[in-house]
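Just so you know, these numbers use all the heavy atoms, side chains as well, and skip hydrogens, waters and symmetry mates. In what follows, every chain begins at residue 1, and chains take the letters A, B, ... in the order their sequences are listed.
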Number of protein chains: 2
Amino acid sequence: MSAGGLGCAECPVRDRAACSALEPQEREELARAGRIRTLKRGETLFAAGDRNDACATLIEGALKVTSFDSQGVERILALVHPSGFTGELFAPFTHHDVVALTDSRLCVFSRAQLESAIERYPALAQALLRRSQEEIHETRELIELMGRRGAAGKVAGLLVAMSRAASTSPCHGAQSFDLPLTRGEIAGLLGLTIETVSRQLGALEAKGLIARHGARGIDMRQPRQLEALVD
Amino acid sequence: MSAGGLGCAECPVRDRAACSALEPQEREELARAGRIRTLKRGETLFAAGDRNDACATLIEGALKVTSFDSQGVERILALVHPSGFTGELFAPFTHHDVVALTDSRLCVFSRAQLESAIERYPALAQALLRRSQEEIHETRELIELMGRRGAAGKVAGLLVAMSRAASTSPCHGAQSFDLPLTRGEIAGLLGLTIETVSRQLGALEAKGLIARHGARGIDMRQPRQLEALVD
DNA sequence: CGCAGGTTTGATGTGTATCAAACAATGTGG
DNA sequence: CCACATTGTTTGATACACATCAAACCTGCG
């Protein structure tokens with residue numbers, strides 16, 4: 001752990017997260033206010049209905065933002081990837097659950113701390129604004145995905161999206177990766193059932209577009225064809 | 001038109017829009033940079049692919065944010081209501097079309113103008129941040145709606161949402177209102193077909209939950225029962 | 001009045017949900 | 001280390017909701 005307590009110097013998202021907009025000394029001061037938290041797969045960061053007094057930047061791992069319908073079926077509203085920010089900055093109570101999909105590491109701030117930092121550093125508000133706009137865009141892409149008619153297009157689209165998220169390079173996706181989502185979570189994300197997701201993955205494998213290793217491992221055999229399916 | 005050129009003093013969204021965070025004199029200065037624009041139903045504000053050099057606050061009317069799938073079917077990604085902000089602040093090119101659903105009036109700013117205003121007035125960045133967070137929340141609600149299984153829940157949910165949007169009061173919805181959306185647009189929003197939407201509305205009327213006047217007019221006869229359908 | 005765009009209604013097929021059971025994979029205690 | 005429980009995944013048979021295709025019907029407007 002470095003002098004700042006958060007080790008910004010070694011932080012893998014130090015130049016993509018919102019705090020990257022700050023000057024080194026400003027960030028140093030912010031870092032002293034925050035703290036690192038780790039979550040194991042399945043652990044809850046925020047629970048719907050909680051007093052909304054914290055927020056966080058994801059350093060590594062993945063989070064899901066969820067709600068439940070009246071029958072208790074989980075619906076995933078958003079995914080958070082490294083450098084993503086989570087936490088509602090203005091609402092008094094949290095609307096949705098935020099849960100770790102994989103073991104994760106986060107940089108957590110109390111809302112009071114963040115608000116005072118925003119007051120002090122105008123660049124921080126702008127950086128958070130930028131992140132919010134990116135998040136709006138991501139959420140709209142999710143809507144496009146869910147709006148697809150046909151389960152095949154939805155599943156193919158999700159694979160392409162996860163492949164991109166798993167890749168370090170922004171332009172093209174990872175060729176081989178592990179799904180951080182269970183079948184049930186994929187179903188909750190796409191508005192399908194577990195069985196349909198399973199069958200669609202089976203069909204994609206049968207067509208040779210992907211290969212699977214165990215339940216989670218995905219191998220993109222023909223990424224172009226997959227993307228074609230999405231349209 | 002008032003001295004400021006935009007008539008902020010009489011603006012119906014003056015204390016809900018992002019600019020409401022500014023001091024009167026600051027707002028005055030911003031107002032001089034912007035201009036009022038009116039759109040008739042169906043007119044395009046931004047087109048996908050355009051250089052992204054403007055943004056706007058909606059004063060009255062309604063907008064849709066859309067994209068098209070490969071078969072040319074329109075998919076609605078978001079609705080914008082009065083006091084809502086539209087325009088991507090950081091992307092170089094616009095990703096989606098923004099089109100007027102009804103005759104609308106907007107307060108338009110060039111991106112350069114807005115960026116310099118953000119530099120000058122830190123409160124503006126915070127206000128836009130707040131709006132963005134609200135928009136994220138609205139978009140997530142749309143995802144919840146689309147994720148519903150069963151066309152009945154989707155259509156009922158949309159009616160409840162439109163009723164709220166049509167109301168001036170924030171707590172309960174309007175009892176009677178006109179849908180700003182055609183059947184095709186509703187279908188594009190919910191991921192259904194025109195025929196299914198039409199049939200669902202017919203079914204709701206047959207059950208006495210709503211009454212219809214012409215193609216657009218909706219009368220909420222039993223709003224509680226409608227909301228129950230949504231869950 | 002008559003046209004065009006939008007809406008409703010009907011008949012039919014398909015895709016996905018549902019129900020059910022077998023099958024890994026993972027972890028636990030003896 | 002193995003038997004076992006547990007959780008997640010796959011596969012199958014069936015039913016139903018929605019899409020699709022087709023045609024008639026409003027509604028607003030020139």
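- Shown here are the side chain to side chain donor-acceptor pair (under 3.5 Å) partners of B/Ser110, two or more places apart in sequence or in another chain: B/Gln113.
- The distance from atom CZ of A/Arg148 to atom C1' of D/dA19 is 16 Å, rounded to the nearest whole Å.
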Quick one: side chains of residues 56-64 of chain A, donor-acceptor pairs under 3.5 Å with protein atoms, not counting sequence neighbours, listed by atom name and distance.
from: A/Lys64; atom 1: NZ; to: A/Glu74; atom 2: OE1; distance (Å): 3.4
from: A/Lys64; atom 1: NZ; to: A/Glu74; atom 2: OE2; distance (Å): 2.9
from: A/Lys64; atom 1: NZ; to: A/Glu185; atom 2: OE2; distance (Å): 2.8

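- The pair B/Arg140-A/Glu135 meets the salt-bridge criterion, with a side-chain N (NZ, NE, NH1 or NH2) lying under 4.0 Å from an Asp/Glu carboxylate O.
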List, with names and distances, any nitrogen or oxygen atoms from the protein found under 3.5 Å away from nitrogen or oxygen atoms belonging to nucleotides 6-9 of chain D.
from: D/dT9; atom 1: OP1; to: A/Arg183; atom 2: N; distance (Å): 3.4
from: D/dT9; atom 1: OP2; to: A/Arg183; atom 2: N; distance (Å): 3.0

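- Listed by first and then second residue, the ring pair (Phe, Tyr, Trp, His ring centres under 6.0 Å) pairs that reach into residues 139-187 of chain B come to none, sequence neighbours excluded.
- As rounded to whole Å, 12 Å separates atom P of C/dT8 from atom CG of B/Leu204.
- One interatomic measurement links the two molecules: CD of B/Glu185 to P of C/dG5, which rounds to 15 Å at whole-angstrom precision.
- The side chain to side chain donor-acceptor pair (under 3.5 Å) check on B/Gln225 picks up B/Gln222, with sequence neighbours excluded.
- In this view, A/Ser83 satisfies the side chain to side chain donor-acceptor pair (under 3.5 Å) rule with no residue, not counting sequence neighbours.
- Scanning all heavy atoms of the two residues, the minimum distance from B/Met220 to B/Ala174 falls at CG-O, 3.8 Å.
- Rotation axes derived from the C1' atoms of the five outermost pairs at either end of the helix from C/dC1-D/dG30 to C/dG30-D/dC1 lie 40° apart, to the nearest 10°.
- Residue pairs meeting the side chain to side chain donor-acceptor pair (under 3.5 Å) criterion with at least one partner in residues 143-162 of chain A, sequence neighbours excluded, are A/Glu144-B/Ser67.
- One interatomic measurement links the two molecules: CG of B/Asp178 to P of C/dG6, which rounds to 16 Å at whole-angstrom precision.
- For residues 43-59 of chain A, no pair satisfies salt bridge (Lys or Arg N to Asp or Glu O under 4.0 Å), with sequence neighbours left out.
- Rounded to whole angstrom, the span from the CG atom of B/Leu179 across to the P atom of C/dG6 amounts to 15 Å.
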Quiz: residues 90-98 of chain A side-chain donor-acceptor pairs under 3.5 angstrom, not counting sequence neighbours:
from: A/His95; atom 1: ND1; to: A/Glu88; atom 2: OE1; distance (Å): 2.6
from: A/Asp97; atom 1: OD1; to: A/Ala48; atom 2: N; distance (Å): 2.7

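- Between the CD1 atom of B/Ile186 and the C1' atom of C/dG6 there is a distance of 12 Å, rounded to whole Å.
- Within the structure, the salt bridge (Lys or Arg N to Asp or Glu O under 4.0 Å) test picks out the following pairs touching residues 201-225 of chain B (sequence neighbours left out): B/Glu205-B/Arg212.
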For nucleotides 12-19 of chain C, 5' to 3', base contacts (B), sugar-phosphate-only contacts (S) and non-contacts (-) with protein non-hydrogen atoms under 4.0 Å give ----SSBB
